[in-house]
A.B. asks: 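Supplied in structure tokens, the structure appears directly below.
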Amino acid sequence: MNEKYMEALARYDLTVDSVRKGRSGWICGTSQGTMLLQEYRGTMKRLEFETQVLGQVRQSGLIQVDDYIRTGEGGLIALSEDGTRHTLKHWYTGRECDIRDHREVRQAVGRIAVLHQVFKQIPRQEEWNLGSIQVDTPTQVMERHSQELKRARNFMKNKRKKTDFERCALSNFPLFFAQAREAAKGMARLDEENGDRPLDLCHGSLDQHHILIEEKTAAIIEYHKLHLGNQMTDLYHFIRKVMEKHDWDQALGLEMLSAYDKVKHLDRRDRESLYYLFLYPEKYWKQINFYMNANKVWIPARNLEKLKGLEQQTEQRNQFLSAIK
């Protein structure tokens with residue numbers, strides 16, 4: 001084990017029984033359970049925000065999270081002699097959620113609902129006015145991405161000699177851009193309706209990699225993108241990942257929404273938010289964005305395959321959209 005990690009661990013009031021390299025750090029077996037030691041490169045205000053929120057989530061006793069452990073002196077950072085900053089947090093030995101398993105994805109969605117419920121019970125603090133906590137709204141993101149799609153369309157359209165990727169992207173543009181405009185318009189209307197409705201805490205990066213399945217429960221980890229926003233974005237990101245792997249299986253999608261609703265009720269605004277989030281062609285935008293930021297002389301074959309895959313899934317995706325509208 002690297003000496004500087006040993007120096008950092010020595011600052012905690014616990015006995016370390018074993019250490020092994022793990023997910024972006026060192027997984028430690030200790031007298032207080034399994035922990036993860038990591039280098040920390042963020043700000044102290046951000047760390048204090050995460051610590052405050054995750055500490056209250058843990059205190060609820062309703063869901064497992066990777067909250068931070070304080071040093072023997074009560075600090076959140078353990079310094080090694082070379083000045084490297086480290087954090088130590090609770091960790092879990094479960095495996096990542098298998099999105100091919102219907103039962104596991106339903107279980108995961110239920111745990112997301114519990115997390116959202118607990119988040120709603122945490123009082124908002126004035127000191128949360130940090131840039132990383134106040135993020136763009138879904139409407140702002142959609143409008144920005146739509147402008148990027150238009151610029152990309154104009155660029156490809158003006159090229160004299162087009163690649164297969166460019167021809168495919170241009171042929172699909174009218175359909176996907178129409179959906180993008182409808183989604184942004186719908187989300188903007190919801191923003192007006194919500195008015196001064198307070199924002200809620202959101203995980204910010206929920207997918208199968210952040211949900212660890214254990215025997216009878218699941219831990220939700222890594223809150224580096226924790227922010228105030230619309231909790232439906234969390235649910236959308238997880239379900240979209242699953243749906244893309246299952247060719248937009250309508251029955252499975254409705255099962256996941258039902259699993260969430262059984263724990264935390266989805267009201268009309270929640271359901272409309274989800275509809276417009278799913279309507280926006282995010283995967284199409286991602287492929288176009290990759291193209292615009294890459295070497296346009298040669299586009300990997302897999303990117304063209306992904307673009308064609310979107311075309312092939314259009315009917316199933318539209319059927320799912322109709323079912324949740």
Side-chain angles (χ1 to χ4, degrees), residues 1-98 104 107-108 111-112 114-116 118-119 122 132-133 201-227 234 238:
M1 182 180 180
N2 191 306
E3 184 178 339
K4 65 182 178 181
Y5 291 102
M6 290 291 288
E7 294 168 358
L9 279 174
R11 301 186 184 278
Y12 293 92
D13 288 340
L14 44 77
T15 302
V16 179
D17 302 316
S18 64
V19 178
R20 61 184 172 86
K21 196 74 176 71
R23 187 172 184 153
S24 66
W26 298 93
I27 298 175
C28 311
T30 79
S31 54
Q32 296 182 26
T34 304
M35 307 287 180
L36 179 68
L37 183 76
Q38 293 177 304
E39 287 190 22
Y40 184 74
R41 297 183 176 89
T43 67
M44 283 306 301
K45 284 188 176 180
R46 175 72 200 188
L47 182 57
E48 288 163 359
F49 163 63
E50 291 181 28
T51 301
Q52 183 185 81
V53 171
L54 296 180
Q56 292 183 69
V57 174
R58 172 171 283 272
Q59 286 175 12
S60 74
L62 296 174
I63 192 161
Q64 295 176 317
V65 294
D66 54 334
D67 56 318
Y68 295 95
I69 307 296
R70 292 188 179 272
T71 66
E73 293 79 29
L76 291 171
I77 293 289
L79 290 175
S80 55
E81 288 188 6
D82 66 357
T84 303
R85 300 187 302 164
H86 300 86
T87 57
L88 186 70
K89 56 186 180 180
H90 289 102
W91 200 243
Y92 304 93
T93 57
R95 55 176 175 76
E96 292 182 356
C97 175
D98 181 359
E104 280 196 13
Q107 178 187 1
R111 301 314 292 167
I112 292 170
V114 172
L115 178 68
H116 284 171
V118 176
F119 274 168
I122 298 175
S132 63
I133 301 172
L201 288 164
C202 307
H203 181 282
S205 185
L206 264 179
D207 57 29
Q208 68 272 25
H209 306 301
H210 296 121
I211 300 179
L212 302 183
I213 302 294
E214 301 199 315
E215 287 187 13
K216 295 183 179 180
T217 187
I220 300 181
I221 60 170
E222 295 184 349
Y223 293 79
H224 308 308
K225 294 188 178 180
L226 181 68
H227 68 276
D234 279 346
F238 180 81

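Bear in mind that the values here come from a model prediction, so they are computed numbers and not experimental data.
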A.B. asks: Kindly write out the residues that satisfy side-chain contact (heavy atoms from CB on, under 4.5 Å) with Ile122, not counting sequence neighbours, or none if the list is empty.
C.D. replies: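 By the side-chain contact (heavy atoms from CB on, under 4.5 Å) rule, Ile122 matches Val53, Gln56, Val57, Phe119, Trp128, Leu201.
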A.B. asks: Please report the shortest heavy-atom distance between Val65 and Tyr92, naming the atom on each side.
C.D. replies: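 Distance-wise, the nearest heavy atoms are O-OH, 2.7 Å.
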A.B. asks: So, do Glu48 and Gln52 sit near enough that their side-chain heavy atoms are less than 4.5 Å apart?
C.D. replies: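 No, every pair of side-chain atoms sits at 4.5 Å or beyond.
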A.B. asks: When the aromatic ring centroids of Tyr5 and His86 are compared, is their separation below 6.0 Å?
C.D. replies: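 Ring centres of His86 and Tyr5 closer than 6.0 Å.
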A.B. asks: Any salt bridge between Glu104 and Arg95, counting N to O under 4.0 Å?
C.D. replies: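 Yes, this pair counts.
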A.B. asks: Which residues pass the ring pair (Phe, Tyr, Trp, His ring centres under 6.0 Å) test with His227, sequence neighbours left out?
C.D. replies: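 If we apply the ring pair (Phe, Tyr, Trp, His ring centres under 6.0 Å) test to His227, skipping adjacent residues, there are no hits.
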A.B. asks: Excluding sequence neighbours, so at least two apart, what forms salt bridge (charged side-chain N to carboxylate O under 4.0 Å, His left out) with Asp207?
C.D. replies: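 Partners of Asp207 by the salt bridge (charged side-chain N to carboxylate O under 4.0 Å, His left out) criterion come out as none, since no residue qualifies.
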A.B. asks: Taking all heavy atoms of Gln38 and all of Ser24, pick out the closest pair and write down the distance.
C.D. replies: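 Closest heavy-atom pair between Gln38 and Ser24: NE2-OG, 2.6 Å.
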A.B. asks: So, does Gln107 use its side chain to make a donor-acceptor pair with the main chain of Thr217 at under 3.5 Å?
C.D. replies: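 At least one qualifying donor-acceptor pair exists.
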A.B. asks: Who passes side-chain contact (heavy atoms from CB on, under 4.5 Å) against Asp13, sequence neighbours left out?
C.D. replies: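 For Asp13 there are no side-chain contact (heavy atoms from CB on, under 4.5 Å) partners, ignoring immediate neighbours.
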A.B. asks: Under the ring pair (Phe, Tyr, Trp, His ring centres under 6.0 Å) test, which residues partner Phe238, sequence neighbours left out?
C.D. replies: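 Phe238 satisfies ring pair (Phe, Tyr, Trp, His ring centres under 6.0 Å) with no other residue.
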A.B. asks: To check you understand the geometry: which heavy-atom pair defines the closest contact between Leu37 and Cys28, and what is its length?
C.D. replies: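 Looks like CB-SG, 4.3 Å.
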A.B. asks: Please find the pair of heavy atoms, one from Tyr40 and one from Thr87, that lie closest to each other, and give the distance.
C.D. replies: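 Heavy atoms of Tyr40 and Thr87 come nearest at CB-CG2, 3.8 Å.
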A.B. asks: Is it true that a side-chain atom of His210 and a backbone atom of Ala219 form a donor plus acceptor pair closer than 3.5 Å?
C.D. replies: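 Side chain of His210 to backbone of Ala219: no pair is present.
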A.B. asks: Distance from Arg58 atom CZ to Thr51 atom OG1, nearest 0.5 Å?
C.D. replies: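 If I round to the nearest 0.5 Å, the distance is 12.5 Å.
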A.B. asks: Taking all atoms of both residues into account, what is the closest heavy-atom pair of Ile77 and Leu47, and its distance?
C.D. replies: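 Taking Ile77 first and Leu47 second, the nearest heavy atoms are CD1-CD2, 3.6 Å.
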A.B. asks: Does NZ belonging to Lys21 count more than 12 external heavy atoms closer than 6.0 Å?
C.D. replies: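 Yes, because the 6.0 Å sphere around NZ of Lys21 holds more than 12 heavy atoms from other groups.
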A.B. asks: Backbone N or O of Gly75 within a donor-acceptor pair of the Thr71 side chain at under 3.5 Å?
C.D. replies: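 Judged by distance alone, yes, a pair lies under 3.5 Å.
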A.B. asks: Using side-chain contact (heavy atoms from CB on, under 4.5 Å) as the criterion, list what pairs up with Ser18, not counting sequence neighbours.
C.D. replies: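 None.
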A.B. asks: Tell me, which pairs form a ring pair (Phe, Tyr, Trp, His ring centres under 6.0 Å) where one or both residues lie in residues 56-85, sequence neighbours left out?
C.D. replies: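 Passing the test, one end in residues 56-85: no pairs.
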A.B. asks: Pair Ile211, Glu96 - check side-chain contact (heavy atoms from CB on, under 4.5 Å), show working.
C.D. replies: CA-CA 6 Å; Ile211 300 179; Glu96 292 182 356; over 6 Å; no
A.B. asks: What's the shortest heavy-atom distance between Val16 and Leu14, and which atoms?
C.D. replies: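 Smallest heavy-atom distance, with atoms named: CG2-CD1, 3.7 Å.
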A.B. asks: Can you list everything that forms a side-chain contact (heavy atoms from CB on, under 4.5 Å) with Gln208? Sequence neighbours excluded, please.
C.D. replies: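 So Gln208 forms a side-chain contact (heavy atoms from CB on, under 4.5 Å) with Cys97, Ile99, Lys241.
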A.B. asks: Do any pairs count as a salt bridge (charged side-chain N to carboxylate O under 4.0 Å, His left out) and have a residue in residues 25-41, sequence neighbours left out, and if so which ones?
C.D. replies: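 Sorted result for residues 25-41: Lys4-Glu39, Glu39-Arg41.
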A.B. asks: Applying side-chain hydrogen bond (donor to acceptor under 3.5 Å, both in side chains) to Asp67 and His90, what does each step give before you reach the verdict?
C.D. replies: CA-CA 6 Å; Asp67 56 318; His90 289 102; 2.9 Å; yes
A.B. asks: Kindly write out the residues that satisfy ring pair (Phe, Tyr, Trp, His ring centres under 6.0 Å) with His116, not counting sequence neighbours, or none if the list is empty.
C.D. replies: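 His116 satisfies ring pair (Phe, Tyr, Trp, His ring centres under 6.0 Å) with Tyr260 only.
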A.B. asks: Would you give the length of the straight line joining atom CD1 of Ile221 to atom CG of Leu54, rounded to the nearest 0.5 angstrom?
C.D. replies: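 Between atom CD1 of Ile221 and atom CG of Leu54 there are 11.5 Å.
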A.B. asks: Please, which pairs that meet salt bridge (charged side-chain N to carboxylate O under 4.0 Å, His left out) have at least one residue in residues 69-89, sequence neighbours excluded?
C.D. replies: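 Every pair satisfying salt bridge (charged side-chain N to carboxylate O under 4.0 Å, His left out) with a residue in residues 69-89: Asp66-Lys89.
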A.B. asks: Filter on salt bridge (charged side-chain N to carboxylate O under 4.0 Å, His left out), then keep only pairs touching residues 26-38, sequence neighbours left out; what's left?
C.D. replies: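 Applying salt bridge (charged side-chain N to carboxylate O under 4.0 Å, His left out) to every pair that reaches into residues 26-38, excluding sequence neighbours, yields nothing.
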